[in-house]
Amino acid sequence: MTVRTRFAPSPTGYLHIGGVRTALFNWLYSRKHGGQFILRIDDTDQQRNVQEALQPILDGFRWLGIDWDEGPEVGGPCGPYFQSQRGDRYRDAVRQLLQAGLAYRDYARPEEIQAERQAAEREKRPFRYSRRWMAQDDRQAAEWESAGRSAVIRLKMPTEGQCRFTDLIRGDVAFQWADEQDHVIQRADGTCLYHLASVVDDHDFGITHVIRAVEHLSNTPRQWFIAHALGWQPPQFAHLPYVAEPGSTQKLSKRKLAQYLKNADFRKLFEHGQRIADRIGLTVAADTFNPVIVDFYREVGYLPDALVNYLLLLGWSLDDRTEDFTRDQMIRDFSLERVNRAPASFDPQKLVAFEDRHMRSVPPNDKAAMVMPFLQQANLVGDSLTDAIRQRVVQILEAASDRIKVAGDILDYDDFFVADDQLAYDSQAWQKRLVKPTEAPERLARFRQRLATGEEFTAEAVEHLMQQFVLDESIGLGQIIHAVRVAVTGKAVGFGMFETLAILGREASIRRIDIALQRLASAST
RNA sequence: GGCCCCGUCGUCUAGCGGUCUAGGACACCGGCCUUUCACGCCGGCAACACGGGUUCGAGUCCCGUCGGGGUCACCA
């Protein structure tokens, strides 16, 4: 039998990182076994604009390189893949359940159920609905209806024995039927609920393995019951541990951003992203610009492969040392047996380490392509890219090497793209390197004269020049280099000084030093 | 509270009865390198929740305790 797995997001407008991991494991499992991965949209309870709320999710998966064989935008033989369009199918199933006597029409009012529940609580016994308003036949139903009542359909769950099944991750599990409820599967208005819909879809789509978060483990008995009641063999189940908060064992939530920001590592991750977002004028939407949501990583220029690689290792491992996986390797090596049972907490530092490592292996031209949109959005380069700009970007990338961890980090080197007289100076660096050392301006002026001489203006040539200058002045390299750096980049830190000057070129370097000297002169008068 | 799940360094994990004085990675702390920031290299700190069993032998099996978490909808 062909392996068929699925991921069933509800259209909420954002892709949660825990959801991505679940989807990834499903995708990997299907790819590993030469099967299919299906995307189904759980919009049974959605009144909002589904398409609009779905787009970010589909975009997220595409960006991550998690493709689906059937589902929205690609179709497939089992469609429609939107639950909102499958109501008739669900109602057929409910009818079948009713006929088989495994579901019933319940005419209880919500407050009546509530009263029973409270009574049970008061008496400290587990609640289970009495079936007081279960219609025995059509006559009784008609009677209650004429009394102004309406019916929901409930499952007629077993009251004794247990539900047993083998979970591919957790092993044998058992639940007492007596602890289960007669869950509602269809509302009075005829719409059906998640559990029913999910079981019907899994069957209709030929899903063989349901790989989902452990939150669903306790839902499994009722779904198991529905499947059997409909005469179907339930799929295999595999319940993944949830992804926990940084530094905690609680489930990661997209609603607790403010709380997570108290965690230093999480905050650093967020603020780094936020700086980039500010620079490109990204209107930061509070509910999606959040490291718990995938959009965050795409917007600031993370590598999808790094995110995926990190997520892969959150709850799964191959052995005691392998950490870096290409897509092919992860497909080859993935297995449910090696999924962990304990929750794994989201560690921003480790994610960044993966990003860093993956970024190192990106060829310069690819990196340039990644970085270009950020320069454009920050208005540092125009929409049409000239060869000169491309060349400069590649030079910067080479000089910066692994200092650029995410594509948006290119903005740390904005000084290479602004006009010489528009350069912004870090005031602390300015003070420390140009104002406080009283001899700095004059020395800088002398160095500027040297820069104007010589033939070539390569990094090597500039280095030579500076070494000679230091000898002649009988000073250490540090006594000139910092002043030059602040003068030409405005910043206290950067990559190699000689590369910096070479990329800037002789003309701009000299002009920037002149501008800095003028500023110094006018400030001291 | 009922039911269920989980419990190895700060974090992700390896470990499927002896080779574990518990291995790797990230982080952290030193040192080296160095024009800054990084990188790199070298070194270091750091864990089997606890208590009983079983066994010649337990991180590994069993029971209990404690701790953490999930879930208990006419949400998905």
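All chains are named by letter (A, B, ...) in the order of the sequence lines, taking the proteins before the strands, and each is independently numbered beginning at 1.
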Nearest-Å distance, CH2 (A:Trp430) to P (B:U36)?
22 Å
Rounded P spacing from B:C26 to B:U65 in Å:
41 Å
Nearest nucleotide by nearest heavy atom, which residue falls closer to the 5' end of RNA chain B, A:Leu314 or A:Ala353?
A:Leu314
Identify whether any heavy atom of A:Arg170 sits under 4.0 Å from a base atom; if not, whether one sits that close to sugar-phosphate; answer base, sugar-phosphate or nothing.
sugar-phosphate
What is the base-pairing partner of B:U71, counting Watson-Crick and G-U wobble geometry with both distances under 3.5 Å?
B:G2
Using the ring centroid of each side chain, check whether A:Tyr107 and A:Trp144 are separated by less than 6.0 Å.
yes
Both distances below 3.5 Å, Watson-Crick or wobble geometry, any strand: find the nucleotide opposite B:U35.
none
Respond yes when some side-chain nitrogen or oxygen of A:Arg360 is under 4.0 Å from OP1 or OP2 of B:G40, and no when none is.
yes
Remember a base hit wins even if backbone is also touched, and classify A:Lys491 as base, sugar-phosphate or nothing at under 4.0 Å, heavy atoms.
nothing
Taking only the C1' atom of each, what is the distance from B:A25 to B:A14 in whole angstrom?
11 Å
Just by distance, no angles: are the side chains of A:Asp324 and A:His358 close enough, under 3.5 Å, to form a donor-acceptor pair?
no
Please work out if A:Pro9 contacts a base, only the sugar-phosphate, or nothing of the nucleic acid, heavy-atom cut-off 4.0 Å.
nothing
Expressed as a whole number of Å, how far does the P atom of B:A46 sit from that of B:G7?
25 Å
A:His183 near the nucleic acid: base, sugar-phosphate alone, or nothing, with a heavy-atom cut-off under 4.0 Å?
nothing
Once you round it to whole Å, what is the distance between P of B:C12 and CH2 of A:Trp316?
17 Å
B:U60 and B:G15: how far apart are their P atoms, nearest whole angstrom?
15 Å
When the P atoms of B:U8 and B:C45 are compared, how many Å lie between them, rounded to an integer?
22 Å
B:G69 phosphate, OP1 or OP2, under 4.0 Å from A:Gln250 side-chain N/O:
yes
Any side-chain N or O of A:Ser218 less than 4.0 Å from the OP1 or OP2 oxygen of B:C4?
no
Looking across every strand, which nucleic acid part, if any, lies under 4.0 Å from A:Asn219 by heavy atom: base, sugar-phosphate, or nothing?
base
Looking for any heavy atom pair under 4.0 Å, which part of the strands does A:Arg321 touch: base, sugar-phosphate only, or nothing?
sugar-phosphate
Under a 3.5 Å limit on both distances, the Watson-Crick or wobble mate of B:C66 is B:G7
Decide whether A:Glu245 and A:Ser345 meet the rule of one side-chain donor and one side-chain acceptor closer than 3.5 Å.
no
Distance below 4.0 Å between A:Ser10 side-chain N/O and B:C75 OP1 or OP2
no
May I ask which nucleotide in the shown strands pairs with B:U60, Watson-Crick or G-U wobble, both distances under 3.5 Å?
none
A:Tyr129 six-ring face occupied by A:Arg131 cation (under 6.0 Å, within 45°)
no
When rounded to the nearest Å, what value does the distance between P atoms of B:G68 and B:U11 take?
15 Å
Separation of B:A73 C1' from A:Arg109 CZ (nearest whole Å)
20 Å
Among B:G69, B:A76, B:U71, which nucleotide sits nearest the side chain of A:Asp42?
B:A76
Hey, does the side chain of A:Lys405 come within less than 4.0 Å of B:A38's phosphate (OP1/OP2), counting only N and O?
no
Expressed as a whole number of angstroms, how long is the span from A:Tyr129:OH to B:C72:P?
21 Å
Looking at A:Arg341 and B:C6, is any side-chain donor or acceptor paired with a base atom of the opposite kind under 3.5 Å?
no
Could one point to a donor on the side chain of A:Lys350 or the base of B:A25 with an acceptor on the other under 3.5 Å away?
yes
NA contact type, A:Arg40, heavy-atom cut-off 4.0 Å: base, sugar-phosphate, or nothing?
nothing
Please state whether the phosphate of B:A73, meaning OP1 or OP2, lies under 4.0 angstrom from any side-chain nitrogen or oxygen of A:Arg117.
yes
In whole angstrom, what separates A:Asp172's CG from B:C5's P?
11 Å
Atom-to-atom span, CZ of A:Phe266 to C1' of B:C12 - whole angstrom:
17 Å
Please report the distance, rounded to the nearest Å, between CG in A:Leu252 and C1' in B:G70.
15 Å
Under 4.0 Å from OP1 or OP2 of B:C75: is there any side-chain N or O of A:Arg187 that close?
yes
Atom-pair distance (NE2 on A:His358; C1' on B:C26), nearest Å
15 Å
Counting the atoms with a prime plus P, OP1 and OP2 as sugar-phosphate, which does A:Phe498 contact under 4.0 Å by heavy atoms, base, sugar-phosphate, or nothing?
base
Return yes if the base of B:A76 and the side-chain atoms of A:His195 contain a donor-acceptor N/O pair under 3.5 Å, otherwise no.
yes
Would A:Phe416 and A:Phe495 count as a ring pair (Phe, Tyr, Trp, His ring centres under 6.0 Å) if you check the C-alpha gap in whole Å, the side-chain angles of each, and the deciding distance to 0.1 Å?
CA-CA 12 Å; A:Phe416 286 103; A:Phe495 46 74; 5.7 Å; yes
Spacing of the C1' atoms in B:G69 and B:C74 (rounded, Å):
28 Å
Given the P atoms of B:A47 and B:C42, what is the spacing between them in whole Å?
24 Å
If you check the A:Gln349 side chain, which of B:C26, B:C74, B:U35 turns out closest?
B:C26
On the nucleotide B:C39, are OP1 or OP2 found under 4.0 Å from the side-chain N or O atoms that A:Ser401 carries?
no
Treating A:Asn26 as the side-chain partner and A:Ile211 as the backbone partner, does any N or O pair qualify as donor plus acceptor under 3.5 Å?
yes
Checking all strands, does A:Gly476 fall into the base, sugar-phosphate, or nothing category for heavy-atom contacts under 4.0 angstrom?
nothing
Does A:Arg267 count as lying over the ring of A:Phe270, i.e. NZ or CZ under 6.0 Å from the six-ring centre, within 45 degrees of the axis?
no
Looking at A:Arg86, A:Arg40, A:Arg6, which hits salt bridge (Lys or Arg N to Asp or Glu O under 4.0 Å) with A:Asp204?
A:Arg86
Is any side-chain N of the basic residue among A:Glu473 and A:Arg446 closer than 4.0 Å to the acidic one's carboxylate O?
yes
Mapping A:Phe346 and A:Arg222 to their closest nucleotides on RNA chain B, which lands nearer the 5' end?
A:Phe346
